[in-house]
Protein chains: 2
Amino acid sequence: MRNPTIRDVAREAGVGIGTVSRVLSGSPLVAETTRAHVWDVARRLAYHPSSAARALPRGRSHVLEIIVPLFTRFFSIEVIRGIEEALARSDYSLVIRSVEDPGERNRVFREARRPGQVDGGLLVSLTPTRPLVAHFRTAGLPLVLIDVEYSTLPSVTVDHEAAARLAVQHLIGLGHERIALVGRAEDPFTLDVPDARQRGYLAALQEAGIQPRPEYQRTTDYSPEAGNAAMERLLALKRPPTAVFCASDAQALGVLEAARRRGRLVPEDVAVVGYNDVEVAQYLGLTTVRIPMRAMGQRGAELLLRTLEEPERPPDHIRLAAELVVRRTSGSLPGQRNQRSAAQDIA
Amino acid sequence: MRNPTIRDVAREAGVGIGTVSRVLSGSPLVAETTRAHVWDVARRLAYHPSSAARALPRGRSHVLEIIVPLFTRFFSIEVIRGIEEALARSDYSLVIRSVEDPGERNRVFREARRPGQVDGGLLVSLTPTRPLVAHFRTAGLPLVLIDVEYSTLPSVTVDHEAAARLAVQHLIGLGHERIALVGRAEDPFTLDVPDARQRGYLAALQEAGIQPRPEYQRTTDYSPEAGNAAMERLLALKRPPTAVFCASDAQALGVLEAARRRGRLVPEDVAVVGYNDVEVAQYLGLTTVRIPMRAMGQRGAELLLRTLEEPERPPDHIRLAAELVVRRTSGSLPGQRNQRSAAQDIA
DNA sequence: TTGTAGGCGTTATCAG
DNA sequence: CTGATAACGCCTACAA
């Protein structure tokens with residue numbers, strides 16, 4: 001009934017518990033025959049070491065903590081999934097902590113598990129506070145950042161500025177000059193001002209010698225509703241833009257909807273480019289910038305694992321590339337019959 | 001540098017470790033003054049008990065395990081989120097295990113944490129196997145099911161049959177008689193044959209005295225692409241349906257797209273109803289059945305917590321109500337401008 | 001190469 | 001009410 005302990009295995013195998021322990025932890029100081037025998041017995045008894053008991057003398061829990069904002073957001077989910085994939089074969093468990101609103105952030109940071117509870121942390125899209133960094137440092141626990149940079153900590157990021165520039169360059173390449181930005185409102189979770197996507201947008205315009213216009217730049221939060229409202233404003237201008245670059249696919253959805261309601265054809269009257277490449281983007285034919293979310297999670301987890309093995313290793317700063325995915329809403333190549341997207345007819 | 005241990009607190013407070021332990025666990029057998037003093041010292045030293053050390057004599061880890069299929073699916077995410085909300089104030093941690101394909105299921109079940117690793121489990125949309133149930137039973141660990149029923153285990157479910165009937169009744173109420181079903185293919189994760197939604201569909205037709213037609217019933221998996229293909233087939237019939245009920249919003253998306261491509265107006269030529277009420281449904285104006293996913297998670301977690309405190313408690317079987325959300329794709333009532341009309345309760 | 005013993009931080013029991 | 005002290009299951013010197 002009770003789980004077998006290491007002692008049971010030792011007795012059953014006729015060896016000392018030290019030997020069993022060595023076999024299980026793969027120590028080379030065991031005779032080959034002994035090892036085989038012990039393994040046999042352990043398997044037969046269905047022995048599984050208690051992680052709590054193991055954590056005690058080792059001083060390590062084999063648990064990793066990840067702190068992520070807005071758990072239900074597609075971006076977060078994908079990153080988490082990537083982390084899980086990387087951790088799957090590593091016998092580390094993952095504890096996920098979600099920060100649902102900015103006020104919660106400091107509380108969660110403060111409650112970040114004490115050493116012994118957790119062996120390391122992963123911070124996603126969240127700028128670390130000084131105390132948090134100090135906490136992990138003095139505790140000797142590795143902390144890895146995803147989608148955020150910090151000089152002394154390992155990180156995995158995407159160059160959002162370059163990604164945004166890519167998108168806007170694409171629009172310029174199609175001949176657009178009146179290009180609007182539906183950017184994001186100040187992100188309450190990170191401190192990245194001005195926003196990287198906006199910087200990329202401006203850079204692309206400048207490269208092409210296009211004068212940016214303030215009335216073409218709107219910032220809203222990441223929702224279809226907000227995108228919708230922003231687009232309404234843009235379309236109400238005397239010279240409305242012929243193309244719109246959105247800081248998220250969610251906003252782009254709203255932009256498409258507004259265009260439809262105002263009778264504008266996409267991409268004939270107005271081209272739309274989103275950001276992230278969420279699932280529905282492909283389905284709606286939305287041209288967008290693909291952010292390698294899952295890969296970000298994977299690489300971050302790998303970085304953490306590596307730092308765990310080699311604590312003194314200087315922090316890596318990995319930067320992944322985003323790619324532009326051209327679909328129908330930006331009216332790619334001439335001669336290609338553009339389908340109107342589903343979103344437009346439904347509503 | 002090292003974390004303070006209970007011994008440090010005891011020494012600093014000038015008491016025995018037993019007393020500190022009692023104070024911290026809220027035992028009433030401590031003098032009020034002693035208690036206050038010990039708390040003070042503990043706070044001052046920033047003492048945090050080691051969960052590993054605590055787990056050892058207690059035989060409980062304070063970790064709960066949740067096994068969920070297809071982690072990235074909206075349904076799973078929402079349920080998990082509900083669970084987290086319920087657990088947030090309970091100092092239990094959550095370890096999430098995802099089953100990404102049916103082959104993985106048994107492996108994950110087999111690896112279900114041994115007692116001592118975990119204090120209980122939550123199974124989402126996954127029919128438990130005999131061995132799994134036995135495993136938890138003999139280990140004396142509570143296991144709660146979400147979105148699945150099993151006589152001897154507590155569960156939280158939604159009556160999918162009633163929910164589906166509701167949707168189809170709505171269509172019938174609008175005057176439709178040629179109503180198609182885009183159902184789900186056999187679910188590799190659960191064993192629910194015939195599918196509850198299909199049963200509900202058939203029941204609603206029968207109640208209304210409508211003869212079900214085999215050619216109106218298509219089963220596909222939960223993807224827009226599959227829904228799209230199914231709709232193409234339906235539209236190719238000599239007498240195509242005037243309404244389609246889909247077993248998921250994902251399929252409904254594809255159905256809408258197919259209708260658009262074939263030049264059918266929604267809802268004038270064909271009405272469409274989805275299932276789940278995913279985020280984008282509201283945005284696309286999709287009439288659908290709202291499944292209380294988050295609430296399912298919450299209630300499930302609460303059930304688990306309760307069983308943890310009271311192990312002998314007979315299993316509760318909680319059944320939550322789904323509601324119909326009428327939006328544009330079913331063309332509600334003439335003149336009625338409401339996006340969401342009165343939600344109707346079921347069950 | 002292997003067995004033994006001490007210790008990891010708590011809880012729980014049992015005398016005081 | 002409170003303070004020792006024996007587990008809890010495992011790891012790791014250390015001794016053999």
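If you're wondering where the values come from, they're calculated on a predicted model, not measured in any experiment.
In this structure, B:Ser21 reaches the C:dT11 phosphate: one of its side-chain N or O atoms is under 4.0 Å from OP1 or OP2. In this structure, A:Thr34 reaches the C:dT2 phosphate: one of its side-chain N or O atoms is under 4.0 Å from OP1 or OP2.
With hydrogens and angles ignored, the 3.5 Å screen pairs a side-chain donor or acceptor of A:Asp119 with a backbone N or O of A:Ser61. Listed for the B:Ser76 side chain is a donor-acceptor partner under 3.5 Å among the backbone atoms of B:Pro69. A donor-acceptor contact shorter than 3.5 Å links the side chain of B:Glu100 to the backbone of B:Phe71. No donor-acceptor pair under 3.5 Å is formed between the side chain of B:His135 and the backbone N or O of B:Arg130.
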- Message: Is there a side chain to side chain contact (heavy atoms under 4.5 Å, CB included) between B:Phe136 and B:Leu153? Walk through the geometry before answering.
- Response: CA-CA 11 Å; B:Phe136 274 82; B:Leu153 298 174; over 6 Å; no
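With rounding to whole Å, A:Leu45 atom CG is found 15 Å from D:dG9 atom C1'. Rounded to an integer number of Å, the gap from CG of A:Leu29 to P of D:dC14 is 14 Å. What separates CG of A:Leu56 from P of C:dT10 is a distance of 9 Å, to the nearest Å. Here C:dG9 presents its C1' atom at 14 Å from CZ of B:Arg11, a figure rounded to the nearest Å. In this structure, NE2 of A:His62 is placed 14 Å from C1' of D:dC10, rounded to the nearest angstrom. Computed from coordinates, the B:Arg60 CZ to C:dG9 P distance equals 24 Å when rounded to whole Å. In this structure, the OH atom of B:Tyr47 is 10 Å from the P atom of C:dG9, given to the nearest Å. The nearest whole Å value for the distance from the NE2 atom in A:His37 to the P atom in C:dT1 is 18 Å.
Between B:Ile17 and A:Arg22, the residue anchored nearer the 5' end of DNA chain D, judged by the nucleotide with its closest heavy atom, is B:Ile17. Along DNA chain C, the nucleotide closest to B:Ser25 and the one closest to A:Ala53 are compared, and the more 5′ of them pairs with A:Ala53. If you find the closest nucleotide of DNA chain D to B:Thr19 and to A:Arg54, the one lying nearer the 5' end belongs to B:Thr19.
If you check C:dT1, D:dT2, C:dT10 against the side chain of B:Ser50, the one that comes closest is C:dT10. In the set C:dT10, D:dC10, D:dT2, C:dT10 carries the atom at the smallest distance from any side-chain atom of B:Arg7. The listed nucleotides are C:dT1, D:dC1, C:dT10; the one nearest the side chain of B:Ala31 is D:dC1.
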